[in-house]
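Scroll down for the structure; my scribbles are underneath it.
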Protein chains: 2
Amino acid sequence: MQRAALLAQSSALISRFRSLAPVTEADIAFLMGSLGPVERYPSGTELLREGEIIPGPRYILAGWALRTRYLSDGRRQIFGFVLPGEPIGLCEREQPLALTNLVTCTPVALSDASGVRAVCLGLGHDHPQIARAHKRAMALDEAYLLHQIIRIGRQTAYERLVHLLLELNSRCHAAGLSDGSSFELPLTQEILADCLGLSIVHVNRTLQTLRREQLIDQRPPILTIRSKEKLIAIAEYSDPQVAVLRWENHRSHLSARSLCLSSVDSKDCE
Amino acid sequence: MQRAALLAQSSALISRFRSLAPVTEADIAFLMGSLGPVERYPSGTELLREGEIIPGPRYILAGWALRTRYLSDGRRQIFGFVLPGEPIGLCEREQPLALTNLVTCTPVALSDASGVRAVCLGLGHDHPQIARAHKRAMALDEAYLLHQIIRIGRQTAYERLVHLLLELNSRCHAAGLSDGSSFELPLTQEILADCLGLSIVHVNRTLQTLRREQLIDQRPPILTIRSKEKLIAIAEYSDPQVAVLRWENHRSHLSARSLCLSSVDSKDCE
DNA sequence: CGAATAATTGAGCCTGCTCAATAATAGTGG
DNA sequence: CCACTATTATTGAGCAGGCTCAATTATTCG
């Protein structure tokens with residue numbers, strides 16, 4: 001069955017939705033029934049080009065992509081990452097223009113999300129938990145941009161790297177791709193450098209320091225966080241997943257449960 | 001009449017709406033009829049505190065506010081600015097948590113926007129141009145965060161300052177607060193430093209350089225852009241107002257007109 | 001007209017950069 | 001399965017943009 005095949009490839013998407021809101025089995029069934037067929041692209045594919053109209057909403061089912069912009073002399077800034085389970089171009093505007101380029105940095109599996117757009121945006125009143133999850137996802141997107149600004153604006157190279165690794169671990173965890181401290185990190189040091197506003201050389205040396213201090217462990221492509229508490233203290237990391245979900249805790253115990261599942265230890269919140 | 005008084009104080013808001021979409025007189029009348037009374041706060045007022053529920057949607061009618069976060073040792077990052085005509089807490093989520101602090105850096109005039117929320121979000125089908133303007137405003141918000149990342153991630157101090165000044169000029173222009181090259185800049189060098197990830201001292205020296213080179217002119221609190229072309233080239237500045245508005249040009253000539261009114265020279269777009 | 005805030009200047013230092021070379025990995029075709 | 005090539009990671013050395021510390025000079029405002 002094609003349906004079963006899609007389901008098998010959508011585990012990150014489903015995991016992420018579950019981490020965002022207490023979606024029902026019916027919600028999941030609706031999602032699976034509405035997604036388009038899986039499209040595959042190799043690493044290095046341009047999914048969006050800045051200033052052009054976004055073809056249609058899609059979900060990344062597997063693989064990572066980079067939001068980038070270049071200066072004329074070749075300097076590159078990576079604004080952030082799109083991870084499995086996260087949407088591309090799923091927004092209110094009708095013919096949205098891409099604000100950045102989007103390039104895959106691993107092989108990627110995509111699925112058309114036109115069929116779920118209206119539900120995600122809450123245009124009808126079906127599947128309210130999906131709409132809720134989507135609103136939270138949008139808030140998380142902004143929170144990650146803010147993270148990025150804090151890192152490159154006011155943190156040292158050492159703090160930046162730690163902060164980013166914690167964020168990526170948390171996001172992988174929401175997608176079911178981290179056990180809480182160990183996940184696949186498909187980024188070269190050059191990508192990390194262009195994300196964090198550093199040189200490749202300095203990223204290299206800073207990672208070495210973190211390994212030497214036993215704070216992280218790297219056996220490519222797996223990155224392991226050895227002492228999450230210390231790292232959180234170093235980077236003053238506060239997890240947006242926790243922050244964005246918190247406000248409805250008093251209303252929904254299911255939500256509270258998914259919070260615990262998807263997030264780092266509860267004491268990490270503060 | 002209180003109504004007339006409100007109108008007089010809402011010129012920035014109206015100007016900004018006109019720059020975002022071809023709003024009608026009826027749209028403006030609706031806005032003026034739905035806004036709450038003007039509230040005034042002095043400089044230094046905390047309008048939002050990170051992590052707390054946003055009281056209700058509001059518009060800034062006059063004055064500037066800063067989105068901030070602090071690290072525990074006192075380092076401050078300013079994520080961005082909220083200028084006259086821009087909304088606070090006007091989003092999809094029901095009980096949104098503030099993602100950052102928001103502090104006024106001048107005396108500010110606010111007005112409750114609860115009465116326009118549904119229309120802005122396009123929940124009904126009234127005043128579609130207002131809804132359109134609001135969606136564009138949301139896209140601009142993201143574009144300004146991306147600007148911020150480019151500046152502090154990959155630009156030199158000199159480029160950063162130029163880039164920011166161009167952005168602020170453009171945004172002031174949309175609010176009717178710049179004639180295209182001259183506007184009131186109510187920011188101290190400390191604020192600029194905390195926004196751009198620099199030290200106060202270095203901001204000071206960089207501003208001096210720009211003045212010495214006749215690229216800008218400062219007679220506090222007025223900042224004048226002397227050679228916009230050169231500055232745009234230096235910072236590789238591309239204006240989001242132009243970019244975000246462009247996609248509907250082929251559909252609406254009114255939109256195209258407002259684009260020209262609100263934006264810098266058309267050649268600045270590329 | 002003071003007190004407080006903001007801007008300016010000088011001097012020395014340090015984080016992180018550049019340049020350049022080498023080692024390790026990974027992907028590929030034979 | 002292996003040599004071949006292209007990436008990617010690592011290391012060394014010297015440099016510099018921007019920082020810190022500290023003092024001085026405007027401004028602003030009550």
Side-chain angles (χ1 to χ4, degrees), chain A residues 42-44 64 66 71 73-78 103-107 151-165 184-212 216-223 234, chain B residues 42-44 64 66 71 73-78 103-107 151-165 184-212 216-223 234:
Chain A
S43 180
W64 290 35
L66 313 173
L71 295 178
D73 62 359
R75 282 176 285 180
R76 174 176 70 166
Q77 178 63 44
I78 293 173
V103 188
T104 63
C105 66
T106 70
R151 281 192 287 259
I152 60 186
R154 279 301 182 221
Q155 293 197 306
T156 65
Y158 185 79
E159 293 165 340
R160 285 180 209 188
L161 213 27
V162 170
H163 197 282
L164 179 62
L165 294 177
E184 189 176 330
L185 182 75
L187 306 180
T188 64
Q189 296 182 354
E190 180 172 14
I191 291 174
L192 290 171
D194 287 342
C195 175
L196 295 174
L198 299 168
S199 67
I200 303 178
V201 172
H202 203 60
V203 166
N204 182 288
R205 293 184 165 126
T206 308
L207 279 174
Q208 285 181 50
T209 304
L210 289 170
R211 288 191 297 245
R212 197 180 318 119
I216 65 169
D217 197 64
Q218 261 188 310
R219 48 190 72 256
I222 303 299
L223 185 131
I234 287 168
Chain B
S43 179
W64 290 35
L66 313 173
L71 294 178
D73 62 358
R75 280 175 287 181
R76 174 175 72 164
Q77 178 63 46
I78 293 174
V103 188
T104 64
C105 65
T106 70
R151 281 191 288 257
I152 60 186
R154 279 300 182 222
Q155 293 197 305
T156 65
Y158 185 79
E159 293 165 341
R160 286 180 209 189
L161 214 26
V162 170
H163 198 281
L164 179 62
L165 294 177
E184 189 177 328
L185 182 74
L187 306 179
T188 64
Q189 295 182 355
E190 179 171 16
I191 290 174
L192 290 171
D194 287 342
C195 174
L196 296 174
L198 299 168
S199 67
I200 302 178
V201 172
H202 203 60
V203 166
N204 182 288
R205 292 183 167 128
T206 308
L207 279 173
Q208 286 180 51
T209 304
L210 289 170
R211 288 191 296 244
R212 197 181 319 120
I216 65 169
D217 198 65
Q218 261 187 309
R219 47 190 74 254
I222 303 299
L223 184 130
I234 287 168

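Every chain is numbered from 1 and lettered A, B, ... according to where its sequence line falls, protein lines coming before strand lines.
- Going from atom CG of A:Leu192 over to atom C1' of D:dT10 covers 15 Å, rounded to whole Å.
- The nearest whole Å value for the distance from the CD atom in A:Gln218 to the P atom in C:dA24 is 17 Å.
- One axis for each end of the helix from C:dC1-D:dG30 to C:dG30-D:dC1, each built from five base pairs, and the angle between them comes to 60° at 10° resolution.
- You'll find the side chain of A:Ile152 stays beyond 4.5 Å of the side chain of B:Arg154, heavy atoms only.
- In this structure, the side chains of A:Ser43 and A:Pro107 come closer than 4.5 Å at one or more pairs of heavy atoms.
- Rounded to an integer number of Å, the gap from CG of B:Leu185 to P of C:dA6 is 14 Å.
- In terms of phosphate contacts, B:Gln208 brings no side-chain nitrogen or oxygen within less than 4.0 Å of OP1 or OP2 of C:dA7.
- What separates CZ of A:Arg212 from P of D:dT10 is a distance of 11 Å, to the nearest Å.
- B:Arg151 pairs by the salt bridge (Lys or Arg N to Asp or Glu O under 4.0 Å) definition with B:Glu167, not counting sequence neighbours.
- A:Arg211 comes within 4.0 angstrom of sugar-phosphate atoms only, judged by non-hydrogen atoms across all strands, and of no base.
- Straight-line distance from the CG atom of B:Asp73 to the P atom of D:dT20: 10 Å, rounded to whole Å.
- Whole-Å rounding puts the B:Ile191 CD1 to C:dT5 P distance at 14 Å.
- Phosphate proximity of C:dA7 to B:Asn204: absent, as no side-chain N or O sits under 4.0 Å from OP1 or OP2.
- Atom CD of A:Gln189 and atom C1' of D:dT11 are 12 Å apart (whole Å).
- Residue pairs meeting the salt bridge (Lys or Arg N to Asp or Glu O under 4.0 Å) criterion with at least one partner in residues 184-193 of chain B, sequence neighbours excluded, are absent.
- Spacing between atom CG of A:Leu207 and atom P of D:dT10 amounts to 8 Å, rounded to whole angstrom units.
- By the 4.5 Å heavy-atom criterion applied to side chains, A:Gln155 and B:Leu71 are counted as neighbours.
- Scored by the side-chain hydrogen bond (donor to acceptor under 3.5 Å, both in side chains) test, B:Arg75 finds A:Glu159, B:Asp73 as partners (sequence neighbours excluded).
- Annotation for B:Pro42 and B:Thr104: closest pair O-OG1, 2.9 Å, computed over non-hydrogen atoms.
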### Task
Would you give a per-nucleotide map of nucleotides 16-22 of chain C, 5' to 3', where B means the base has a protein non-hydrogen atom under 4.0 Å away, S means only the sugar-phosphate does, and - means neither?
BSBB---

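- Checking each of A:Thr156, A:Val162, A:Leu161 against A:Ile234 for a side-chain contact (heavy atoms from CB on, under 4.5 Å) leaves exactly one that passes, namely A:Val162.
- A search for salt bridge (Lys or Arg N to Asp or Glu O under 4.0 Å) contacts involving B:Arg219 returns B:Asp217, not counting sequence neighbours.
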